[in-house]
Amino acid sequence: MSNRFDELMQDLGIGKSVDQDPEPPAPPRQPTGRPDLSGSGLGPDVHSGVVPAPAVVRPDDALSELWTPPDGARDVVDLPSAVLEAGSATPEQVAAARRMADQSPGRPIRRLLIEAGADEAGVQQVAARLAGLAFERLEHSRAEGRDAGLIARLGADFCRDHHVLPLRTEGSRIVVGTTDPDDLFLMEDIKRRLGVAVLKQVVLVPSDIRRAVDALGGHPDASIDLSDLLADVEEDDEVEVRGGDEPGADLEAEADSSPVVRYVNHVIQTAVRDGASDIHIEPGESTLRIRFRIDGILVEAMSPPRKMHGALTSRIKIMSNLDIAERRLPQDGRISVTVAGRRMDLRVSTIPTPSGEKTVMRILDTRSIEVTLDELGFTEDALTTWQKQISQPHGIILVTGPTGSGKTTTLYASIRRMDVRRLNISTVEDPIEYHLEGITQIQTHDVIGLGFATALKSLLRQDPDVILLGEVRDLDTANTAVQAALTGHLVLSTLHTNDAPSSVTRLINIGIEPFLVGAALNSVLAQRLVRRTCPECSRPESVPEELAGFLRVHGVHPDTVRRGGGCPRCRETGYSGRCGIYELLVLDDFLRDRIASSPNVTEFRRLCIERGMSSLRDDGFAKIELGMTSVEEVLRVTDSTI
């Protein structure tokens, strides 16, 4: 056995057995003038008949004859270093990604770089270059270069979950874009699903894939045949609790379940897609209608059969963990869902009526509060003044207006403008509509005695700098807020009044002493939301003479006004989106002295305007002159304030 092993080692040229004496080296061959073919793999030199002695080589050299990597591939290129060199990440971002990689082994460094703030497209481009693949960007304004049929074959859900996108067919190959150039198992799965033998892989940006799937195949509800679905619904349909009903369940994953479940999912998906803020399910004696509140206006969206009412209500109650057997008392709940890849909450409220329970769902989409103060519609002067107010070290700042006027959005945008790393910011809310990073948020529970006043008193022992109160509702809460403001805290809150000057008399009517109101209150912001004229279909029109006279009374002298004619984007209404109109009252020493004498609303409002306050209607007409909204919209939301 030892001899055969030695012979094998000699044939490989790796060495000899230690048991044998080394042979003397063979004498060098004399040149013959003929080509030397000894290294050609043909064995002995066929011309000279001389058999060269086997060269003694290292094991590495022997293995190199089996496979040699291409030039430049011997050194493994570090992706973070390459991204840093390409200028797509800063040294701090690369260091943060490496720290995260140490703490979460198994996660791709490519994703960690993006999470650390590196340029998403730049990281993907470098990863593609290192993998030897092409890199592409998608233009979202056009659908060229994307095959909706291929997406349908692969499945929109599969594309979204695995970050892949079939793009086109080139000859006999299908071009597939992915975000991970190294996932070979995924490519094999795609081959099996598409039924092809060869794929061409390119690298795409993750956000490009998400938007493309949403645009071409991201609405699974569109495939629902409502006529067939409604035909399956019976009067006694029971709604079963399913495993997918847990908070955070993906509605799209249940598209093939029972008709009632599918219809509720369809309603929610349609409302989110249309940009609705609320869903109203309203039973009548013989009818059932579903309305969406879009841009502040209720529009009828669906009219399912009356027999579906009980099943729909029960399904929504189960999703929000409410008692389906209790139909005599109002109930409130919350649903966490994922629609089209977006995580959002639904605040559910049911109330008994003679025709059955009416259900209203408020859609709480975090994207709706991600707007900044600059995007809310403040004039330049008002924005500068408001920013100065929220930078004050102490005092009370109130935001007033009816329900749905954007008070919460304004307060959250103001808090995000503050330095959360330096300040201790706390909120007391009922309910907590949106969760904010780096801020302490407290949910009130009146049943256990944790109301606004109690929570506020507890917060004052937590060394706060800024306190946000959901609402000043009673004397106890108002007293505590005033004391907090007078002891060096900045308090932001809301109040339900028609205009800014009314807030002062409202606090006095609650029971706060007038001199305390004047000492603690810094400013009041009254606001409304008006619909914007649609940018796609709005056109300038000449101002009729009667309207021109009305505008001149309010100090506006436009030659033309913009009016929307109606298009698919605005659902033929002429309006798309909303903006705020504002009335900002900042108290000076003169007004504080007048508050101490407890003035009536009319007198105090006149004094505020004399001191420079711009009314809601004045701000609205200024936005008409800018072409942002219409006269009808301003009159609709400000008529009660004049």
Side-chain angles (χ1 to χ4, degrees), residues 221 233 237-255 257-283 288-293 298 301-302 304 307-353 355-369 403-404 408 429-435 441-448 450 470:
D221 59 291
V233 179
D237 261 349
E238 295 293 336
V239 181
E240 299 178 359
V241 180
R242 300 171 62 87
D245 293 334
E246 300 171 358
D250 192 336
L251 293 176
E252 298 165 358
E254 302 175 344
S257 53
S258 71
V260 173
V261 172
R262 294 173 61 197
Y263 192 82
V264 171
N265 296 346
H266 170 71
V267 170
I268 297 175
Q269 291 167 356
T270 304
V272 172
R273 188 184 65 219
D274 291 348
S277 61
D278 299 87
I279 302 171
H280 291 243
I281 302 177
E282 304 168 329
L288 178 64
R289 66 175 180 173
I290 298 176
R291 296 194 292 171
F292 298 158
R293 187 176 294 278
L298 279 173
M302 306 174 189
K307 63 183 180 181
M308 290 188 65
H309 175 251
L312 289 178
T313 303
S314 297
R315 169 63 182 167
I316 294 171
K317 283 185 174 182
I318 288 174
M319 295 175 69
S320 52
N321 295 318
L322 299 180
D323 185 0
I324 63 174
E326 181 55 72
R327 302 179 180 178
R328 302 167 300 172
L329 296 174
Q331 298 187 69
D332 297 315
R334 198 180 186 101
I335 306 173
S336 296
V337 295
T338 302
V339 182
R342 292 159 51 191
R343 179 71 176 268
M344 60 187 63
D345 290 337
L346 308 178
R347 198 172 71 196
V348 180
S349 173
T350 65
I351 191 169
T353 71
S355 301
E357 289 182 282
K358 176 182 177 180
T359 303
V360 176
M361 293 183 281
R362 167 67 59 91
I363 300 174
L364 304 176
D365 187 357
T366 54
R367 295 200 305 189
S368 66
I369 65 162
T403 301
T408 300
E429 304 171 71
D430 181 26
I432 297 175
E433 295 186 354
Y434 303 98
H435 295 277
Q441 296 177 272
I442 299 177
Q443 166 77 56
T444 62
H445 294 282
D446 291 331
V447 176
I448 61 174
L450 184 60

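The model shown is predicted, which means the values in this text are computed figures rather than measured ones. Quick note: residue numbers are just sequence positions, from 1.
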For Gln269 and Ala271, indicate whether the former's side chain and the latter's backbone hold a donor-acceptor pair under 3.5 Å.
no
What verdict does the side-chain contact (heavy atoms from CB on, under 4.5 Å) test give for Met319 and Val348, after you've listed the backbone C-alpha separation in whole Å, the side-chain angles of each residue and the deciding distance to 0.1 Å?
CA-CA 10 Å; Met319 295 175 69; Val348 180; over 6 Å; no
Identify the two heavy atoms, one from Pro330 and one from Pro352, that lie closest to each other, and give their separation to 0.1 Å.
N-CD, 3.9 Å
Should Pro304 and Ile290 count as side-chain neighbours, where that means a heavy-atom distance under 4.5 Å?
yes
Suppose we screen for side-chain hydrogen bond (donor to acceptor under 3.5 Å, both in side chains). Which residues come up paired with Ser349, at least two apart in sequence or across chains?
Asp332
Taking it one step at a time, do Val337 and Met344 satisfy side-chain contact (heavy atoms from CB on, under 4.5 Å)?
CA-CA 6 Å; Val337 295; Met344 60 187 63; 3.9 Å; yes
Under the salt bridge (charged side-chain N to carboxylate O under 4.0 Å, His left out) test, residues paired with Glu429 that sit two or more places apart
none
Locate the shortest heavy-atom distance separating Ile324 from Ser314; write the atom from each residue and the value.
CG2-O, 3.8 Å
Side chain to side chain, Phe292 and Ile279, heavy atoms closer than 4.5 Å:
yes
Gap separating the CZ atom of Arg327 from the CG atom of Leu329, nearest 0.5 angstrom
13.5 Å
Spell out, as yes or no, whether a donor-acceptor pair under 3.5 Å connects the side chain of Gln331 to the backbone of Glu326.
yes
Among Thr350, Asp278, Ile316, whose side-chain contact (heavy atoms from CB on, under 4.5 Å) with Met361 holds?
Ile316
Residues at least two apart in sequence or cross-chain that pass side-chain hydrogen bond (donor to acceptor under 3.5 Å, both in side chains) with Arg289, listed by chain then number, are Glu282
Does some side-chain heavy atom of Ser277 sit less than 4.5 Å from a side-chain heavy atom of Ile363?
no
Can you find a pair of side-chain heavy atoms, one from Ile335 and one from Ile268, that are under 4.5 Å apart?
no
Rounded distance (nearest 0.5 Å) linking atom OG1 of Thr270 with atom CG of Asn265:
10.5 Å
For a 4.5 angstrom cut-off between non-hydrogen side-chain atoms, does Met308 reach Arg315?
no
Scanning both residues in full, the closest heavy-atom pair of Pro283 with Thr353 reads CG-OG1, 4.3 Å
All side-chain hydrogen bond (donor to acceptor under 3.5 Å, both in side chains) counterparts of Arg293, not counting sequence neighbours:
none
List for me each residue that meets side-chain hydrogen bond (donor to acceptor under 3.5 Å, both in side chains) alongside Asp430, sequence neighbours excluded, and say none if there are none.
Gln443
Identify, with sequence neighbours excluded, every residue that meets side chain to side chain contact (heavy atoms under 4.5 Å, CB included) alongside Arg347.
Arg362, Leu364, Pro431, Glu433
